[in-house]
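As the structure is a computational prediction, the values presented were derived from the model and not from experiment. Convention: sequence-line order gives letters A, B, ...; per-chain numbering from 1.
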There are 2 protein chains.
Amino acid sequence: MHLYCFNMTLSEEDYIKSIYHLSEFNSKSVATNAIAEQMKTKPSSVTDMVKKLSEKSLVNYKKYQGVSLSEKGRLVALSIIRKHRLWEVFLVDKLNFSWDEVHVVAEQLEHIKSDALIDKLDAHLGYPKVDPHGDPIPNKDGVFTKSIKKLISELPVGSQGVCVGVNDSSAAFLKFLDKNKIALGDTFKILEREDFDGSVTISTRAGSINISKQIATNLFLEIVDEE
Amino acid sequence: MHLYCFNMTLSEEDYIKSIYHLSEFNSKSVATNAIAEQMKTKPSSVTDMVKKLSEKSLVNYKKYQGVSLSEKGRLVALSIIRKHRLWEVFLVDKLNFSWDEVHVVAEQLEHIKSDALIDKLDAHLGYPKVDPHGDPIPNKDGVFTKSIKKLISELPVGSQGVCVGVNDSSAAFLKFLDKNKIALGDTFKILEREDFDGSVTISTRAGSINISKQIATNLFLEIVDEE
DNA sequence: ATTTAATTTTAGACAAACCTAAATAATTGT
DNA sequence: ACAATTATTTAGGTTTGTCTAAAATTAAAT
Ligand SMILES: [Mn+2]
Ligand SMILES: [Mn+2]
Ligand SMILES: [Mn+2]
Ligand SMILES: [Mn+2]
């Protein structure tokens, strides 16, 4: 697989990644305009590139019918995503970046071409399974455990996951999270839910705390499916 | 200074770095052909690029008169070299690469654009002063201490010193050194020089070995004792 | 079922970075 | 000094990835 990646340009890699993300959840073919919007380019440019990727058997493409990744293309996408997420872990864990600063830098680092580098980085980081945003990191062969992002209010008691985002990004809410030692990347377990007010007891590293229904409807957990 | 770096292409950065290295020791203007050879491109391509760099005030250029870096260009070069060498330290110290493997990877990493990244990397590495090949790492402002090192080929018989750097950082050369158990930090003494081929016999911890003139012109010693 | 609107593709052009071949300037040898 | 050699630049062309404007196709509305 790595053989195919080596003669890919930065632009080709970005298109492949874009197509992957656009078809990540709805597995239909992706529209030209959708790619153009994501890539911040024009539909005509997308058509040109898609033809080229089709030529290289990285995508399935028929005029006016949209585009989808081939198996080869999917593996290329996953190898780029692997690199992106490993670099994000590095930036947060080793260089003390905060979770919201790493994406733009990782967008550059993901294009560095060296299998040895990525293998050694993976080892250096202790073979992490998820990135700082709770997204799963594919292994060398593109295999990863699918994860689902859900609000705490929507999850059953017993669920466990990594806190990956907020619905309400107001300063007041973020301050509340800080005060209760809740940070993105923390792992929580839902211990109990009160029927009468919808409040939820969750376990954190610091201990267990009770959060109101309003809080529970504003915190996303990334559930790591272990099977 | 960093302001100017941001709209530079990868290719422009490589040319600037190339011109810097070609005028590092002989501070005269650099020839078009010399750049072409270093960049593995054609003289006509160099002329095109040099015009563009001149337009951007990164080099001083007059037709047929060669080219030299402007102060602005010199600072750009040093910021790239800083990044290159910091990444090399990272690869060796943190990821356990060997010193002969890091150059090619650093050639890619040096182009990543993020001041925060390089500052945090510098801190993470403990503000190293030299890279794995003994070359000095410029600080944020392009200041660095020029080391007082000499090539074995330029030293008289009887000289003794610590191996602190290489002139040729090609993987082939560094591999040769490894094979002969020559590493940075080792102490050598120059025992004998053959007039007819310029080869030199040096004593190492492992014993005494004879190195060719070509090797002798590529190994730097920091002199301890000169007789 | 047509007409209208939105989407997608084609045609033609442009900038960046490279090339070959030819012209021009600088250097060298005698 | 002047011819020969070498170095450098110009002219014209290619590839990659982008663009605008116009044509073709598909989808939506009446
Ligand atoms: Mn990201
Ligand atoms: Mn991420
Ligand atoms: Mn190097
Ligand atoms: Mn180095």
Kindly point out which of [options] is positioned nearest to the side chain of [X]?
X     : options                : value
B:S44 : D:dC19, C:dT9, D:dT10  : D:dT10
A:K63 : C:dC19, C:dT9, C:dT8   : C:dT9
A:T41 : C:dC18, D:dT18, C:dT9  : D:dT18
A:K42 : D:dT18, D:dT26, D:dT20 : D:dT20

Integer-rounded Å distance: [N] [atom2] and [X] [atom1]:
X     : N      : atom1 : atom2 : answer
A:K56 : D:dT16 : NZ    : P     : 8 Å
A:M49 : C:dT8  : CE    : P     : 18 Å
A:K62 : C:dT9  : NZ    : P     : 14 Å
A:D48 : D:dT15 : CG    : C1'   : 13 Å
A:Q65 : C:dT9  : CD    : C1'   : 13 Å
A:D14 : D:dT16 : CG    : P     : 17 Å
A:Y64 : C:dA6  : OH    : P     : 17 Å
A:L53 : D:dT16 : CG    : P     : 12 Å

It should be established whether [X] places a side-chain nitrogen or oxygen under 4.0 Å from OP1 or OP2 of nucleotide [N].
X     : N      : result
A:Y61 : C:dT8  : no
B:N33 : D:dT6  : no
A:S45 : D:dT18 : no
A:T47 : C:dT10 : no

### Task
Show your reasoning for whether side-chain hydrogen bond (donor to acceptor under 3.5 Å, both in side chains) applies to A:S70 and A:N60.
CA-CA 6 Å; A:S70 68; A:N60 309 116; 5.5 Å; no
### Sugar-phosphate, base or nothing in reach of A:T32, heavy atoms under 4.0 Å
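Touches sugar-phosphate only.
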### Task
Indicate yes or no for a side-chain donor-acceptor contact from B:K94 to the backbone of A:H124 under 3.5 Å, with no hydrogens or angles considered.
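No, B:K94 side chain to A:H124 backbone: no donor-acceptor pair under 3.5 Å.
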### Message
Using a 3.5 Å distance criterion without hydrogens, assess whether the side chain of B:T32 forms a donor-acceptor pair with backbone atoms of B:P43.
### Response
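Not at all, since once roles are kept as given, no pair shorter than 3.5 Å links the two residues.
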### Task
With salt bridge (charged side-chain N to carboxylate O under 4.0 Å, His left out) as the test, would you mind laying out the steps for A:K140 and A:D119 before giving the verdict?
CA-CA 8 Å; A:K140 270 203 247 191; A:D119 289 349; 3.4 Å; yes
### Query
Which sits closer to the 5' end of DNA chain D, A:Y15 or B:K51, going by the nucleotide each is nearest to?
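Result: B:K51.
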### Task
Only one of A:V102, A:V130, A:D93 passes side chain to side chain contact (heavy atoms under 4.5 Å, CB included) with A:E88; say which it is.
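The single option meeting the side chain to side chain contact (heavy atoms under 4.5 Å, CB included) with A:E88 is A:V102.
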